[in-house]
*Asks:* 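Let me give you the structure first, and then I'll get to my questions.
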Amino acid sequence: MISTIDWMVSKRRTDLLSEDFEIGDGFLSPNEKQKLSWLRFAKRRTEWLHGRWTAKQLLSASSPDWREVPFDEIEVANAAGGAPYYTSHEIELPICLSISHRERMAFCALSFSPGLKIGADVEKIESYPASFIETFFTQDEINSVKSCAPQQRDAWVVLVWSLKEAVLKALGEGLRLDTRHIKIQPVSGLDAEDSMWRSIEIKLDLPITGQWMAWWLRQDDYLLTLAAHWMEGDRQFDIQQQFCDAPPDWL
């Protein structure tokens, strides 16, 4: 079976939206407008809106069936555990969606493949303190950080952390699980900056059945990661980038 994962990255113009900004009609559903009114902090509102705009752009670009549907008829809701999903006219769509934010960047991935759960994460390559690594990494991962070439240390730390986040999103668990149950195997080529997704081996020390695959992609000073989980059968993956329109003026 070939499973397709569509993904999209968008960058907004501003760090934060102003307190009194207005969104034009045709973007948010009534439920999303209500949700927006509950968000108190500018950073959260900005990321929330950017993620939903990108997720709707991705759905429109990925499927001819949704290309002409107005954005205010598509809603990005959240399950009890926080995982996002698409609905339209109060009906949940059979599409797996994952959303991630970092600074001005939003990264979304979706799949129409039945039985497939995916997680997406984006992180900026930067230094993390030793206390962070000791708290969230396994001993083997800590050892790999210590033995890593100095010029690649930050990228390796960020990649390990981002992959753990992607796996937790695919599980629908977030940080409720101990990240040390997810074991990331060493990888080479951290300096590569191209359009090719690279697979990486992960192992889970959890009572969870099924199969896993994971990938990473470096773009400038950012790392994008994807994780996929399914229960049975062999799968091949086609990871397709979709391109978005220019962000609206309010982004």
Side-chain angles (χ1 to χ4, degrees), residues 7 9-12 15-16 41-44 46-48 50-51 54 81-84 98-109 118-194 196-206 208 212-229:
W7 65 281
V9 164
S10 70
K11 295 182 180 180
R12 62 180 185 267
D15 289 326
L16 298 173
F41 301 105
K43 182 177 185 296
R44 178 67 182 124
T46 301
E47 291 180 343
W48 186 88
H50 190 196
T54 307
S98 189
I99 302 174
S100 184
H101 316 90
R102 189 66 167 87
E103 296 184 342
R104 295 187 182 186
M105 182 181 290
F107 171 41
C108 295
I118 61 173
D121 190 64
V122 57
E123 300 290 344
K124 186 177 181 180
I125 299 174
E126 56 190 353
S127 296
Y128 280 72
S131 58
F132 177 92
I133 298 167
E134 291 166 0
T135 300
F136 295 106
F137 285 25
T138 67
Q139 188 58 55
D140 284 345
E141 291 164 351
I142 293 171
N143 292 340
S144 71
V145 171
K146 293 178 179 177
S147 63
C148 193
Q151 66 272 22
Q152 293 188 346
R153 180 188 181 278
D154 289 347
W156 173 237
V157 170
V158 171
L159 179 59
V160 171
W161 174 246
S162 185
L163 283 163
K164 289 174 185 283
E165 288 262 45
V167 169
L168 290 171
K169 288 181 179 182
L171 289 172
E173 291 292 343
L175 290 176
R176 289 181 294 275
L177 287 179
D178 188 336
T179 58
R180 291 170 294 184
H181 290 309
I182 303 164
K183 302 175 181 180
I184 312 301
Q185 306 305 301
V187 68
S188 60
L190 285 169
D191 293 331
E193 294 184 34
D194 52 38
M196 182 177 68
W197 284 90
R198 299 166 184 267
S199 62
I200 185 169
E201 185 180 359
I202 59 174
K203 295 181 180 180
L204 269 67
D205 182 19
L206 291 167
I208 296 173
W212 285 90
M213 285 195 70
W215 304 265
W216 64 277
L217 173 68
R218 180 167 179 170
Q219 289 193 341
D220 299 322
D221 292 331
Y222 292 85
L223 283 168
L224 311 179
T225 57
L226 289 169
H229 177 233

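Hydrogens, waters and symmetry mates are skipped; everything else that's a heavy atom, side chains included, is used. Fair warning: this is a prediction, and the values are worked out from it, not measured in the lab.
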*Asks:* Quick check: do Glu165 and Thr225 have side-chain heavy atoms less than 4.5 Å from each other?
*Replies:*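 No. Closest side-chain heavy atoms not under 4.5 Å.
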*Asks:* Give the minimum heavy-atom separation between Glu123 and Asp121, together with the two atoms involved.
*Replies:*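 Here Glu123 and Asp121 meet closest at OE2-OD2, 2.9 Å.
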*Asks:* With a 4.5 Å cut-off on side-chain heavy atoms, are Ile182 and Trp212 touching?
*Replies:* no
*Asks:* Considering all heavy atoms of both residues, which atom of Pro84 and which atom of Ser98 are nearest to each other, and what is their separation?
*Replies:*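 Scanning both residues, the minimum pair turns out to be CG-CA, 4.2 Å.
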*Asks:* Could you tell me which non-hydrogen atom of Lys203 sits nearest to which non-hydrogen atom of Glu201, and how far apart they are?
*Replies:*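 That would be CE-OE2, 3.2 Å.
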*Asks:* Give a yes or no answer on whether the side chain of Lys164 reaches the backbone of Thr179 with a donor-acceptor pair at less than 3.5 Å.
*Replies:*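 Side chain of Lys164 to backbone of Thr179: a pair is present.
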*Asks:* Applying salt bridge (charged side-chain N to carboxylate O under 4.0 Å, His left out) as the test, list every pair that has at least one member in residues 146-156; sequence neighbours left out.
*Replies:*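 As it turns out, there is no salt bridge (charged side-chain N to carboxylate O under 4.0 Å, His left out) pair with a partner in residues 146-156 once direct neighbours are skipped.
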*Asks:* Do side-chain atoms of Lys169 reach the backbone of Ala227 as a donor and acceptor pair under 3.5 angstrom?
*Replies:* no
*Asks:* For a side-chain contact (heavy atoms from CB on, under 4.5 Å) check, start with the C-alpha distance between Ile202 and Lys183, then their side-chain angles and the critical distance, and finish with the verdict.
*Replies:* CA-CA 6 Å; Ile202 59 174; Lys183 302 175 181 180; over 6 Å; no
*Asks:* Answer yes or no: is there a side-chain heavy-atom contact under 4.5 Å between Arg104 and Asp15?
*Replies:*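 Side-chain contact under 4.5 Å: yes.
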*Asks:* Measure from the side-chain N and O atoms of Thr54 to the backbone N and O of His50, and report whether any donor-acceptor pair falls under 3.5 Å.
*Replies:*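 Side chain of Thr54 to backbone of His50, a donor-acceptor pair under 3.5 Å: yes, one is there.
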*Asks:* For residues Trp156 and Ser144, is any side-chain donor paired with an opposing acceptor at under 3.5 Å?
*Replies:*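 Their side chains do contain a donor-acceptor pair, which is all the 3.5 Å distance test asks for.
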*Asks:* Considering only heavy atoms from C-beta outward, does the side chain of Trp161 approach that of Ile184 to under 4.5 Å?
*Replies:*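 Trp161 does not reach Ile184 side chain to side chain.
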*Asks:* Which pairs would a plain distance check flag for residues 130-138, meaning a side-chain donor or acceptor within less than 3.5 Å of a matching protein atom at least two apart in sequence or in another chain?
*Replies:*
from   : atom 1 : to     : atom 2 : distance (Å)
Thr135 : OG1    : Ser131 : O      : 2.7
Thr138 : OG1    : Glu141 : N      : 3.1
Thr138 : OG1    : Glu141 : OE1    : 3.4

*Asks:* Can you check side-chain contact (heavy atoms from CB on, under 4.5 Å) on His229 and Ile208, steps first, answer last?
*Replies:* CA-CA 10 Å; His229 177 233; Ile208 296 173; 4.0 Å; yes
*Asks:* Can a donor-acceptor pair be found, under 3.5 Å and without considering hydrogens, that links the side chain of Arg12 to the backbone of Glu103?
*Replies:*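 Yes, because the side chain of Arg12 sits within donor-acceptor range (under 3.5 Å) of the backbone of Glu103.
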*Asks:* Taking side chain as C-beta onward, heavy atoms only, is Val9 less than 4.5 Å from Tyr222?
*Replies:* no
*Asks:* Heavy atoms, side chains only, cut-off 4.5 Å: are Leu177 and Leu206 in contact?
*Replies:* yes
*Asks:* Between His101 and Glu47, is there a donor-acceptor pair closer than 3.5 Å when you use the side chain of the first and the backbone of the second?
*Replies:*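 It does hold such a pair.
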*Asks:* Would you name the heavy atoms of Met196 and Leu217 that are closest together and state the gap between them?
*Replies:* O-CD1, 3.4 Å
*Asks:* Is a side-chain donor or acceptor of Ser100 paired with a backbone partner of Val122 at a separation under 3.5 angstrom?
*Replies:* yes
*Asks:* Taking the side chain as C-beta and beyond, is there a heavy-atom pair between Ser10 and Met105 under 4.5 Å?
*Replies:* no
*Asks:* Which pair of non-hydrogen atoms, one from Trp215 and one from Ile200, has the smallest distance, and what is that distance?
*Replies:*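 Closest approach of Trp215 to Ile200, heavy atoms only: N-CG2, 4.3 Å.
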*Asks:* Would you call Thr46 and Trp48 a side-chain contact if the rule is heavy atoms closer than 4.5 Å?
*Replies:*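 No; the side chains remain at least 4.5 Å from each other.
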*Asks:* What closest approach, in Å, do Leu226 and Ala120 show between heavy atoms, and which atom pair accounts for it?
*Replies:*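 Minimum heavy-atom contact is CD2-CB, 3.8 Å.
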